[in-house]
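Numbering of residues begins at 1 and proceeds along the displayed sequence. Order of appearance sets the numbers: ligands from 1, and atoms from 1 within every ligand.
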Amino acid sequence: MKKFFLDLGSQPLANNYLHKFNNNQVRYNLKLYFDTKTKLVSISKRIPSKIMFNNRYPYRSSISKTMTHSFKKLSNDIKKKFNPKFLLEIGSNDGVLLKNFDKNKVIGVEPCRNLANITSKLGYKTYNKFWNLQTSKKIKKKYKQIDLVYSANTITHISNLKEVFKAITNVLSDEGILIIEDPSLLDCLKKNSYDQFYNEHIYVFSSIALRNILNKFNLEIFDIKRLDIHGGSLRYFIKRKKNKLLKIKQTVSEQIKKEIFFGLNKFRVYKKFGENSLKSKNRLIKIFSKIKDKNKTIIGYGATAKATTILNYCKIGANFIDYFVDTTPDKQNKYMPGSKIKILKYHNKLINKTDYIFLGAWNFKKEIFNKEKKFLNRGGKFITHIPIPKII
Ligand code: TMP
C-alpha cells in the first residue's frame, strides 16, 4: 500500500529553465509516497519522459571538478577490478565516464539529443534513445552480450522499473556486472533534503527497496560504496544470483542494517521527515525575511533542479534572491522555473558584490567554499537549508 507523507506543493518542471520571463510553464503537484510492501519511495505524478528529457536538456555532468574526478576514479577502478571487454552506459550525458574508455570498448545510451551529439562527435557510439526493451534488443543484436552495464543518476528517472531491469538482464552476460549509482535515501532523510525530490527523481532508492526490486529479476547486490556525490549517493555493484564467482561483501548487510536502524522500512520515519521538511521551510523563510529586513542582498549559487523544489515549496522568489549564478552555459540568461529568478553567468565580480549567497548547489559546498575564499574572507555569508536552515 502506498502511503502519502509529504506535499511539496505546486511545482514547475525542475529543468525547464525559462528563455523568457513570461514563458508559460507546466505545473504539477509534487507529493511523496512510501510503499509499505516494497519499501519504495516515489513521487505521485509522472511527467512523460519525452517532455522531461528533450533535445535541449541543460544538465551537464562534467560541469564540476568533483563529478569529473569521481567518474575518472571509477573508470580506473572498473578497469582494474573488472577489466570489462565491453561497457554500456545508460544515461551517458556528455560523456563524463565514456571519455575514460577506449572508443571500441564502450557505447552510451542517451535520450537527450544535445547530449548524445556531444559524445557522438567525440567518436563514442551513442544511441540517442530512451532505455527500454526495444533499445536493449537493438544493442544485443549488434553487440551480443555485455559484461559491464553502468548507470549513474538515471534509473531513478525512469518510471517503469520493471522494463528497465528486464532490458538490462536482456543484454547482461551471465557473469556480467551491473553498477548503478543514485542518491541515497538514508542520506536524504538524515540531511532533511526534501529537495532531492522533483519531477525527474521519480524514485529515491534505499538499498532495502532496491534489493526487493532486483530480487524479482534474479539479481543481487554484492557490494555497496557510499559516495559524497549529489549530497550522498550509493554505488551498487550487482550480479546475477546464479553467478557464484563473486562473493557478497559485508558492505551490503552493513548498509541494510544502517537503514533498518534508521527506520527506512517504517512509515513513521517518513511521516517525521514530512514534518521536518515543513519546519525547514518555515525556518528558511524566517532567515530570508530577517536578512531582507536589514536591506542586505542575497544571490543564489548553483541554479540546480533541487533549488527549484526549495524555491517553489517555500515560495521564495525575486523578492528575496536578486539572481542566481551558474557555470552551465544552457542555464545562463534564463529564468529559474516557477520562481522566475534570473540566472547569470558565473563571474567572481557578482559574488563579491553580494552580502549573502544561498547555496542552491549545497552538494558542492566543499568545491564552492574553496573557490569563494575571497567572499568568505571579507565576511560574506552562505545560507543553506542542509541539514537545517542556517547561515554559515
Ligand atoms: P547538481 O547539484 O544538480 O549537480 O547541479 C549543480 C549546479 O551547480 C550546476 O548547474 C552547475 C552549478 N555549479 C556552479 O555554478 N558552480 C560551481 O562551482 C559548481 C560546483 C556547480
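Counting heavy atoms of neighbouring residues, nucleotides and ligands inside a 6.0 Å radius, atom NZ of K271 does not exceed 12 of them.
Screening residues 310-343 for ring pair (Phe, Tyr, Trp, His ring centres under 6.0 Å) gives F21-Y335, Y194-Y313, F288-F320 as the qualifying pairs, with residues at least two apart or on separate chains.
Under the 6.0 Å cut-off for aromatic ring centres, F34 and Y270 qualify, their centroids lying closer than that.
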Donor-acceptor pairs are to be reported for all side-chain atoms of residues 379-391 against protein atoms at under 3.5 Å, with residues two or more places apart or in another chain.
{"unit_1": "T384", "atom_1": "OG1", "unit_2": "I386", "atom_2": "N", "d": "3.2"}
{"unit_1": "H385", "atom_1": "NE2", "unit_2": "D195", "atom_2": "OD1", "d": "3.2"}
{"unit_1": "H385", "atom_1": "NE2", "unit_2": "D195", "atom_2": "OD2", "d": "3.4"}

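For ligand 1, the protein residues placed under 4.0 Å by at least one non-hydrogen atom are Y59, I63, S64, H230, Y301, G302, T304, K306, D326, T327, T328, K331, A361, N363, F364, E367, I368, K371.
Applying the side chain to side chain contact (heavy atoms under 4.5 Å, CB included) criterion to I158, with sequence neighbours excluded, gives W131, T154, V164.
With respect to the salt-bridge test (charged N to carboxylate O, under 4.0 angstrom), the residues D355 and K353 do not qualify.
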